Amino acid sequence: MSTSTIVHIAGIPFGGEDFTTIAGPCAVESYEMALATALAVQAAGARVLRAGAFKPRTSPHSFQGLGFDGVEILREVKTATGMPVVTELTDVRHLDDLLDIADAVQVGARNMQNYALLTELGRIDAPVVLKRGLAATVDELLLAAEYILCGGNQKVILCERGIRTYETAYRFTLDLAAVAVLRERTHLPVIVDPSHAAGRRELVLPLSLAAVAAGADGLIVEVHPAPSAARCDGEQALETREFEGYLRQVRSVARVVGRRAPDPVRLLPALEEAA
Ligand code: PEP
Ligand code: MN
């Protein structure tokens with residue numbers, strides 16, 4: 001079965017003919033950086049902002065996110081830009097507070113098999129971006145999605161973000177065959193996260209172009225105004241100033257494979273100067 005369900009995040013479509021990009025920093029670090037990133041990715045044509053307030057980190061000594069302070073920053077950035085926000089839920093106790101500002105909830109790879117969390121997400125009305133676990137099969141991903149669907153929430157977007165293999169030349173192995181297989185096996189939209197798979201920014205463009213060609217309905221990409229100073233995942237973040245060129249190339253491949261990927265609406269040059 002090819003994609004037949006279109007899931008909307010605050011009116012922005014995922015699936016069908018559209019090719020849609022979510023972009024933003026790995027983590028909210030401050031109001032200024034979150035706003036700068038949001039404005040840059042929005043101008044370049046990303047339609048949804050990603051940013052984590054709660055970060056699931058491998059080491060307990062790593063930056064864990066700003067928590068509820070980060071949620072408040074996301075609220076302000078959303079008001080300032082009008083961009084819909086997707087942010088990660090790491091603890092079911094945070095759900096109501098996140099839903100107060102989030103337009104979609106991300107389930108991270110490490111929580112793909114957190115069945116209590118998935119069950120709760122089946123009861124809500126907001127869309128869920130469900131990332132494939134680091135060592136999960138396609139069947140396990142689909143069954144994880146079933147937990148949400150069976151609860152009554154049909155708004156699930158699947159995300160391939162790379163799996164662990166013996167290869168160490170990059171962070172994870174982006175499994176683009178899974179995208180093609182998911183297109184056969186489910187009606188749900190499928191997006192690709194090239195950033196976590198790549199682990200370094202040089203690989204993000206080629207993986208993104210390949211994902212588009214493999215049939216992905218969209219991308220979720222990490223972007224930062226100053227990646228070398230990032231508190232989380234800086235090596236894989238595209239710089240805000242290179243993002244526009246990156247997304248232009250992504251859109252041109254999307255059009256070649258028959259997707260609708262319009263250029264962002266630009267202000268008239270005179271208005272841009274005044275802005
Ligand atoms: C993230 O999106 O920043 C993240 C932690 O992703 P994943 O769960 O895929 O590792
Ligand atoms: Mn990250």
Side-chain angles (χ1 to χ4, degrees), residues 5 7-10 14 22 24-29 34 48-78 83-164 186 188-191 193 195-196 220 222 231-233:
T5 299
V7 174
H8 292 90
I9 298 182
F14 288 80
I22 303 173
C26 180
V28 179
E29 296 172 15
V48 178
L49 178 68
R50 62 142 293 146
F54 294 92
K55 295 305 302 176
R57 303 303 301 277
T58 301
S59 166
H61 306 296
S62 302
F63 174 58
Q64 303 285 310
L66 295 180
F68 288 114
D69 291 341
V71 174
E72 290 316 309
I73 290 172
L74 284 175
R75 189 193 305 278
E76 287 171 33
V77 171
K78 190 173 149 170
M83 274 189 106
V85 167
V86 53
T87 195
E88 180 163 351
L89 177 72
T90 54
D91 184 328
V92 78
R93 291 171 295 184
H94 303 154
L95 183 56
D96 289 344
D97 289 311
L98 283 196
L99 285 177
D100 198 36
I101 66 111
D103 297 283
V105 176
Q106 176 175 320
V107 177
R110 289 156 190 81
N111 270 314
M112 190 207 82
Q113 286 176 311
N114 182 338
Y115 299 120
L117 196 131
L118 299 176
T119 301
E120 283 305 313
L121 292 173
R123 299 196 177 118
I124 67 170
D125 194 34
V128 176
V129 175
L130 177 62
K131 298 186 92 173
R132 182 181 183 183
L134 276 54
T137 64
V138 167
D139 276 338
E140 287 163 343
L141 173 61
L142 289 170
L143 289 169
E146 285 283 311
Y147 270 88
I148 303 169
L149 300 170
C150 289
N153 183 356
Q154 306 299 310
K155 300 177 196 160
V156 179
I157 299 170
L158 302 173
C159 179
E160 161 59 36
R161 46 78 73 209
I163 51 174
R164 182 150 285 164
T186 176
L188 296 171
V190 180
I191 64 172
D193 172 348
S195 308
H196 289 86
I220 179 165
E222 288 189 343
R231 299 186 72 183
C232 184
D233 285 349

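Keep in mind that this is a model prediction, so the values were computed, not measured.
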Measure the CG-OG1 distance between Asn114 and Thr119 for me, rounded to the nearest 0.5 Å. 8.5 Å
Identify the heavy atoms of Gly70 and Ala53 that sit nearest to each other, and give their distance. C-CB, 3.9 Å
Could you list the donor-acceptor pairs under 3.5 angstrom formed by side chains in residues 60-67, with sequence neighbours left out?
residue: Gln64; atom: NE2; partner: Ser59; partner atom: O; Å: 3.2
residue: Gln64; atom: NE2; partner: Ser62; partner atom: O; Å: 2.8

Go through the steps for Val107 and Val129 under the test side-chain contact (heavy atoms from CB on, under 4.5 Å), then give the verdict. CA-CA 6 Å; Val107 177; Val129 175; over 6 Å; no
Using a 4.5 Å cut-off on heavy atoms from C-beta on, say whether the side chain of Ile191 contacts that of Ile22. yes
Donor-acceptor pair, distance only, cut-off 3.5 Å: does the side chain of Asp103 make one with the backbone of Ala10? no
side-chain contact (heavy atoms from CB on, under 4.5 Å) between Lys131 and Asp193, worked out: CA-CA 9 Å; Lys131 298 186 92 173; Asp193 172 348; 2.7 Å; yes
Nearest 0.5 angstrom please: Gln113 CD to Leu134 CG, how far? 10.5 Å
Residues forming a side chain to side chain donor-acceptor pair (under 3.5 Å) with Arg161, sequence neighbours excluded: none
Using 30° and 60° as the class boundaries, would you call the ring planes of Phe54 and His94 parallel, tilted or perpendicular? parallel
Going by atom type alone, with no hydrogens or angles, which donor-acceptor pairs under 3.5 Å involve a side-chain atom of residues 140-151 and a protein atom two or more places apart or on another chain?
residue: Glu140; atom: OE1; partner: Thr137; partner atom: N; Å: 2.9
residue: Glu140; atom: OE1; partner: Thr137; partner atom: OG1; Å: 3.4

Residues in side chain to side chain donor-acceptor pair (under 3.5 Å) contact with Asp69, at least two apart in sequence or another chain: none
As an exercise, state the distance from CG of Asn153 to CG of Leu118, rounded to the nearest 0.5 Å. 11.0 Å
Backbone N or O of Pro25 within a donor-acceptor pair of the Arg50 side chain at under 3.5 Å? yes
Exam field: side chain Arg123 to backbone Gly152, donor-acceptor pair closer than 3.5 Å: no
Charged N to carboxylate O below 4.0 Å: is that the case for Glu29 and Arg231? no
Taking all non-hydrogen atoms of both residues into account, name the closest pair between Ile163 and Gly133 and its distance. CG2-O, 4.0 Å
Heavy-atom nearest pair, Pro56 first then Arg110, reads O-CD, 4.2 Å
Closest heavy-atom contact between Val28 and Ala34? CG1-CB, 4.4 Å
Expected list for residues 95-102: side-chain donor-acceptor pairs under 3.5 angstrom, two or more places apart:
residue: Asp100; atom: OD2; partner: Arg75; partner atom: NH1; Å: 3.2
residue: Asp100; atom: OD2; partner: Arg75; partner atom: NH2; Å: 3.2

Enter the distance from Met83:CE to Ile9:CD1 here, rounded to the nearest 0.5 Å. 11.0 Å
Check whether any side-chain heavy atom of Val138 lies under 4.5 Å from a side-chain heavy atom of Arg132, and answer yes or no. yes
Could you please spell out the steps behind the side-chain contact (heavy atoms from CB on, under 4.5 Å) verdict for Thr186 and Leu158? CA-CA 10 Å; Thr186 176; Leu158 302 173; 3.9 Å; yes
Distance check, rounded to the nearest 0.5 Å: Asp125 atom CG versus Gln154 atom CD? 11.0 Å
Centre-to-centre under 6.0 Å for His8 and Phe14, is that the case here? no
To the nearest 0.5 angstrom, please state how far the CG atom of Leu74 sits from the CD atom of Glu72. 9.0 Å
Does atom CG of Asp139 have more than 12 heavy-atom neighbours, drawn from other residues, nucleotides or ligands, at distances under 6.0 Å? yes
Whether the side chain of Thr87 engages the backbone of Ala51 through a donor-acceptor N/O pair (distance < 3.5 Å, no angle test) should be reported. yes
Any Met112 side-chain heavy atom under 4.5 Å of Leu130 side chain: yes
When you look at Cys159 and Ile220, which way does the side-chain contact (heavy atoms from CB on, under 4.5 Å) test go after all the steps? CA-CA 8 Å; Cys159 179; Ile220 179 165; 3.8 Å; yes
Partners of Asp233 by side chain to side chain donor-acceptor pair (under 3.5 Å), sequence neighbours excluded? Arg171, His196, Gln236
